[in-house]
Structure formats: structure tokens, C-alpha cells
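On a predicted model such as this, the values are computed, not experimentally measured, just so you know.
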Amino acid sequence: MTAIDPTAHLTAEQIEELGRELDAIRDEVIASRGEKDAAYIRKVISAQRKLELASRGVLLFSIFPPAWLIGTAGLSVAKIMDNMEIGHNVLHGQWDWMRDPKIHSTTWEWDHVSPSDQWKHSHNELHHTYTNVIGKDNDLGYGIMRVDEDQKWHPFHLGQPLWNFLNACFFEYGIAAYDLELGKNLNKRRRKNPEFRARAKAVGRKIRKQVLKDYVIHPLLSGPSFFPTLAATFTANLVRNIWSHSVIMCGHFPEGVQVFERRSIKGETRGQWYLRQMMGSANISGSKAMHFMTGNLSHQIEHHLFPDLPSNRYAEVAVKVRALFEKYELEYVTGPLPKQVFSAWRKVVRLSLPNKKPKVKTPDREQELVAA
Amino acid sequence: MVTTPLLPSDYLDLVSPLRAGADLRGRIEAVHPETGDAATIVIRPGRGWRGHTAGQYVRIGVDVDGVRLWRAYSLTSPTHRKDGRVTITVKAIPDGKVSNHLVRRAKPGTLIQLDQPTGDFVLPQAKPAKVLYLTAGSGITPVMGMLRDTEFDDVVMVHCAPQPHDVIFRNELHDLAADKKLQLTEVHTDTDGMLDIARLDELVPDWAERETWACGPAGLLDAAEEHWSEHGVQERLHTERFRPSIVVTGNGGEVTFSATGKTVDADGATPLLDVGEEAGVLMPSGCRMGICIGCITPLKAGAVRDLRTGDITEAEPGVLIQTCVSAAAGPCDIER
């Protein structure tokens, strides 16, 4: 929580008006969803599959260094596409309207060790509903880091730059543990909970399959290229993990992003919910290719306002959303990837040390609403 | 294991969507206009196609404006076309999303989804001596499949359509009549009025001795069934009804939770998630505000209204709704 509430100048009516304007943007996109959008996601999925096949094909000969380089680069990009522009967005139900059972949030499984259904619960339901609410949204520091002055400091946080680095390298395992709420569930009593055990088993199965594919079967298929292929798949997973970790850090951690107290969301209206999403997210600026490779999470603000709109439409939505930020005199936090990553990392390092708790007075909007 | 989490078929589909073992699909190869609002679609079915019997229909899944919609159409091709293609003949109905798309916008080369053919509106193994086909409008389509497939010695057809140019397959029917393979009576309802079933005595004096296949609007079939029963020959009448599920939309309605067998009344403003929980049905839930899709559930029948946009969603196979932001728009059936 920053010392000054950047939304303090808005009245309750203005916030509700803002909500209606955002609803209108959403309705417009929904009314115009159609064939072109469907063709887009089909094209991306087909391109991803072809790239992955080709890259793994090239890696069969990865004993030759140029083949190793090309195959590793291709596989890294394919894995990033699978997780970001396809997996994340399909699992948000962004493409459910097509009624194609093969591109549907209920059937999609991604190249990731966390099973889709567990991730959907922790991400779509908990993180997106309670975005940046301390104590409710575990994405704030993933339960291992302190990312806001308001969070309690503990000597454990001294090591958080290291935890964050390790988490980046093995991000998919971090996410799987996070979706399992591993920290909370490892105590003696909870460990035996049959529901937890079933979920842990599902993660174990998924990990086994993923590891077998990447580190046993494909290297074996490569014969004499066994070790280079093994190294290539490891590298591709590493690249994908560090990339997605960086993109995701940019979504809510950079300086300028607000966090909220638990009590502030009591009785939250639709307008207030929208406002929280606007103030709790940050974008990445850049080229079309950059937006694509981040799975359009570079439009994190727009994604948080409208998590179920097709990702290919966020760019056009962003123009209108940004105009609303200006109209209501709010800060649209955005910047190029290196700047945002640096900003997020700086925060991680800074908050590894204790600080004085800032004193803030948040405006009591419930009162204003009654008055209105 | 090689392709986890996908299946090898997900990759094979990229190159060979019609191969044996794939989900059944077809490719549209041509669209031939029949009348101003009807067209025949030539489809090359995938390898898994098991073939049909004349008179049967097939369900097809077509992407219209990016949304996959399923409809059933009678097969109009003979059962053993040499090139292995099959045809359906589609009449565009007013506001019909799929029929208008197929008749006016479908392009050769498009992939569609197919089910295996089905339906028991078919000819018997033993050839009947005398046959009557009684059809109206697009009710001619399954019968055309029969006419093209099996020849009989004595066939009469009574077909109703508003005007001569509305008669689907008119040239082919007239050619058959000219070759004495068919005795054809056209009833043009715009000028002659609706067919009064009592007129059959005059149009086809020996109708009661004929094995009859009838297909058309419910009114005609109801009248035919009554007429045949009255004369005690109902076992000679075979009917096929197109059943466009008529969805009654309104504001609120009776909600059935078919898996638990509970039925409750709901108003048009309460989310179905709340309605279900109130009734003691175990409902999946999540954010309760329409963003996390954790509550999606199949809508088996009826219609619901999206409380955010006011949009109506009608039940169709495979349709899932977000129960936290949907309310009953008339009677509906939720699979919970």
C-alpha cells in the first residue's frame, strides 16, 4: 500500500460510471467475436504443433551443434507458445464460445507439470477474483516472498532474491507446488487429507509423464544424440520457465502497482472490482511479437479486467482502456520488458529487508455509496 | 508418452484430418444450388464413415461465425456413390443460422464434423409392390435419397411446395416422371391451398394399398396418421418428423436439475448457481462473478439469459453455461 491512495480523487458515482464504461467495452468485443478470432487461435495452435514437431525432429540430430541450437531455440519457442498464448488463455475459457471440444477450457491440457484443473482453481478463481488482496491472493509473492511494505517481515525473507531466482528456473514446479498449496498442506494432519492426496497424486502423474517424455523418450529416440537432446530439452524448459516467470512478475510486482487490504473488498461493487484490477496490474510495452510471446499478458491490465475475452483482442481493447485511465486520472503502469523486470526484481530485493509500516488512510467508500 | 499431454492424433489431424481412426469429419467439396433457398452440399466423409441406408439422416457440426453448431440433415445421395461422396440437401429457413450458412456461404474445402448416419425412416428389405411418397417442402430430402437408391415398379409421389420454383429436385423428378419411373403430383400450396388429406382418394385412388413414406411439417403428418388409422392401414404408413426443438424463452421458469432429479421454479434474475444451491443440488462454483469459469455446467434443454449482457443461450449438444451469471429464460434443464 503506497502512502497516498491514487484513487482517492474518485467519487463513488465516478467509479460506477467507470464500471459501466468497461462493461460497454466488453460487450462490444463479445458482440464482434467471430470467424476471424476462431481462425486466429486455430492458426496459432497449428503453428505451435508444427514448430514443436519440427524442433524435436531436428533434435534427433542434435549431436551436430547447429542442429542443437536450432532445435533448442525452436522447442523453447514452442513451449512458450503452448504455455502463454495457448494454454493460459484457453484455460481461462477465452475460446469456450467456439464450442469446439478440442479447444476448450474443460478439455485442454498443457505442457506444464501442474495439471490444468488445479491451475484453473488457483489462478482463475483465487488470483483473478482476489487480485492483489493481501492474505487472499497468494500470487502476491507466491507464499515465499514479501512483495509489499504492508506484508509482515520475517528473517526468512532475507533469502528471497535467491528463492525468486530458483523459482524462475523451475517455475513450472513452483506453480505446481503453489497450486497444491504445498506449504500449507505439508503438516501432519493435512498431509493425510484424501482430497489433498488425490491432487498430489495427479501432480505426480503429470510430472512423471512430462519428465519421461522430455528426459527419457525423446533422448532415447535420438540414439547417439541422447545427451545433446537431453540437454536441449532441459534448456528449452529452463528458457520457458525463466521467460514466463519474468512476464508474470511484470504483471503485478513492478513499482506503482497497488495492493489491497482484506477489509477493503468487503461489499465491493462491480465498479470497485474493476478499479482494483486496474490499479493492481501492470503492462509490458513492445512490438506485436513481444505481445504474442507473452501470450498477450503484456496486456495484463486488460486481461485482468476481462479475463475471458480472446487474447488477440486485448491490443484493441487496450487503446480504449488507456483512454479511461486518462479520463479518470489514474496511472497506467507500463514499460518495456527489461524496465519492468528490473523494477519487479528491485522490489523483491528491497523487501527482503524489513521496513517501517507506512500509515495510510483509505477513503471509506461504503459511506460515500450510502450518501450517493 | 511421446506426445503427452497431447495425443498423437492431435498432430496427425494437422496433416490428415479425414484418415481412418480420426474423429469423424468430412470435407465440403461442392455446393450446388437447387432452388432460391436450397442447396445440395457434396461431402467427402472421413475414412471412418460407415455408410448409410437410404432415408437416413446425419448430424453435422459446422462452424458458423467461429461457433460450432450441430444440425441433422437427410442424406440425399444414393448409398453407393462410386466416388464415395455423400450429399445433404439443405433448405435455408428464416433466421436459421446453420441452414443459411450452408446454402449461402459454405465454401468448398471446408472441414465439417460428422456423426455416423442414423434414423429408421428407411425402406424394408422386401420390396413392396406399390409405393407412395407423400412429402412437403424439404420433407422431400430423405425420400429423394430413397428414390435415387432403390427403384420400384409402381411409385407414386405427392409433393407439396408453395410454388413450382420452390420444388427441390424439380428437374430430376420430372425426368423420372418422363421415364415412367414415377407418377408425380405436385401440389402448389400458394395457388391450390394446403393439401387436404381427403383429396388423396382423388389424387392416388389406391393409396391405402400402398406402402407409404411421408415426411413434411407436423400438420401434414398428423393428418396423415389420423387418416391412415381411420382406414385401418396405419402399419403401411412410415413417417419422419423434423423436430426443431422449439425453445420457449421468457423471464424465469421451471428449472430441472436432471442429474439429481430436482425441479424448482426460478425467477429471471437469480443466478442458476444460487437456484441450484438453494434447492440442495451440489453445484460447482468459483468466483461467483463470471470470470473464472469454475461453474460451467451443461445446459440440456431450454434457454438461459446471461445476466451481464442479456444474451440468450439455447440448449444444444455440448453447450455449457456459467451458472453464476445465467438465469432461467423459460423452462430449462441443467445437468447437475
One pair to check against side-chain contact (heavy atoms from CB on, under 4.5 Å): A/R49 and B/D13. What are the steps and the verdict?
CA-CA 11 Å; A/R49 287 180 183 167; B/D13 283 353; over 6 Å; no
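- Between B/D23 and A/K102 there is a salt bridge, with a side-chain nitrogen of the basic residue lying less than 4.0 Å from a carboxylate oxygen of the acidic one.
- For a residue to count as touching a neighbouring chain, one of its non-hydrogen atoms must lie under 4.5 Å from one of that chain's; by this rule A/W273 touches chain B with the side chain only.
- For A/H104, the part lying near chain B is the side chain, with the backbone staying farther off; criterion is any non-hydrogen pair under 4.5 Å.
- No more than 12 heavy atoms of other residues, nucleotides or ligands sit less than 6.0 Å from atom CD of B/E278.
- Both the backbone and the side chain of A/H128 have a heavy atom closer than 4.5 Å to some heavy atom of chain B.
- Here the NE2-SG distance, from A/H127 to B/C292, works out to 13.0 Å after rounding to the nearest 0.5 Å.
- In this structure, chain B has a heavy atom under 4.5 Å from the side chain of A/T106, while its backbone stays farther away.
- When heavy atoms are compared at a cutoff of 4.5 Å, A/D100 approaches chain B by way of both its backbone and its side chain.
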A/E35 and B/D65: side-chain contact (heavy atoms from CB on, under 4.5 Å), yes or no, with the steps?
CA-CA 4 Å; A/E35 211 169 300; B/D65 294 333; 4.2 Å; yes
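- Here the side chains of B/I296 and A/D96 are in contact, with some heavy-atom distance below 4.5 Å.
- Within a 6.0 Å radius of CG in B/L14, other residues, nucleotides and ligands contribute more than 12 heavy atoms.
- You'll find the side chain of B/R308 stays beyond 4.5 Å of the side chain of A/D23, heavy atoms only.
- In this structure, the side chain of A/K213 engages the main chain of B/T4 through a donor-acceptor pair within 3.5 Å.
- How far CH2 of A/W108 is from CG of B/L6: 6.5 Å, rounded to the nearest 0.5 Å.
- For A/L91, the part lying near chain B is the backbone, with the side chain staying farther off; criterion is any non-hydrogen pair under 4.5 Å.
- Contact annotation for B/T3: only backbone heavy atoms (N, CA, C, O) come within less than 4.5 Å of a heavy atom of chain A.
- Between B/I291 atom CD1 and A/D308 atom CG the span is 8.5 Å, to the nearest 0.5 Å.
- At most 12 non-hydrogen atoms from other residues, nucleotides or ligands lie less than 6.0 angstrom from CZ of B/R47.
- Using a 4.5 Å cut-off between heavy atoms, B/E316 touches chain A through its side chain atoms alone.
- Taking the side chain as every heavy atom from C-beta outward, A/E52 and B/Y11 approach each other to under 4.5 Å.
- Looking at A/R26, only its side chain comes within 4.5 Å of chain B, counting heavy atoms on both sides.
- Contacts between A/K36 and chain B at a heavy-atom distance below 4.5 Å are absent for every atom of the residue.
- When the shell of 6.0 Å around OH of A/Y178 is examined, it contains more than 12 heavy atoms from other residues, nucleotides or ligands.
- Looking at A/D214, there are no atoms closer than 4.5 Å to chain B (heavy atoms on both sides), in backbone or side chain.
- Among B/G294, B/G61, B/G286, B/G318, the residue making the largest number of heavy-atom pairs under 4.5 Å with chain A is B/G286.
- Here the shortest heavy-atom pairing between A/P101 and B/R68 reads CD-NH1, 4.0 Å.
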What's the verdict on side-chain contact (heavy atoms from CB on, under 4.5 Å) for A/T129 and B/M289, showing C-alpha distance, side-chain angles and the deciding distance?
CA-CA 8 Å; A/T129 312; B/M289 57 186 295; 4.0 Å; yes
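- The shortest non-hydrogen separation linking B/G66 to A/A38 is CA-CB, 3.7 Å.
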Go through B/D63 and A/M98 one step at a time and tell me if the side-chain contact (heavy atoms from CB on, under 4.5 Å) criterion holds.
CA-CA 8 Å; B/D63 293 334; A/M98 287 163 58; over 6 Å; no
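- Using a 4.5 Å cut-off on side-chain heavy atoms (C-beta onward), B/P5 and A/H112 make no contact.
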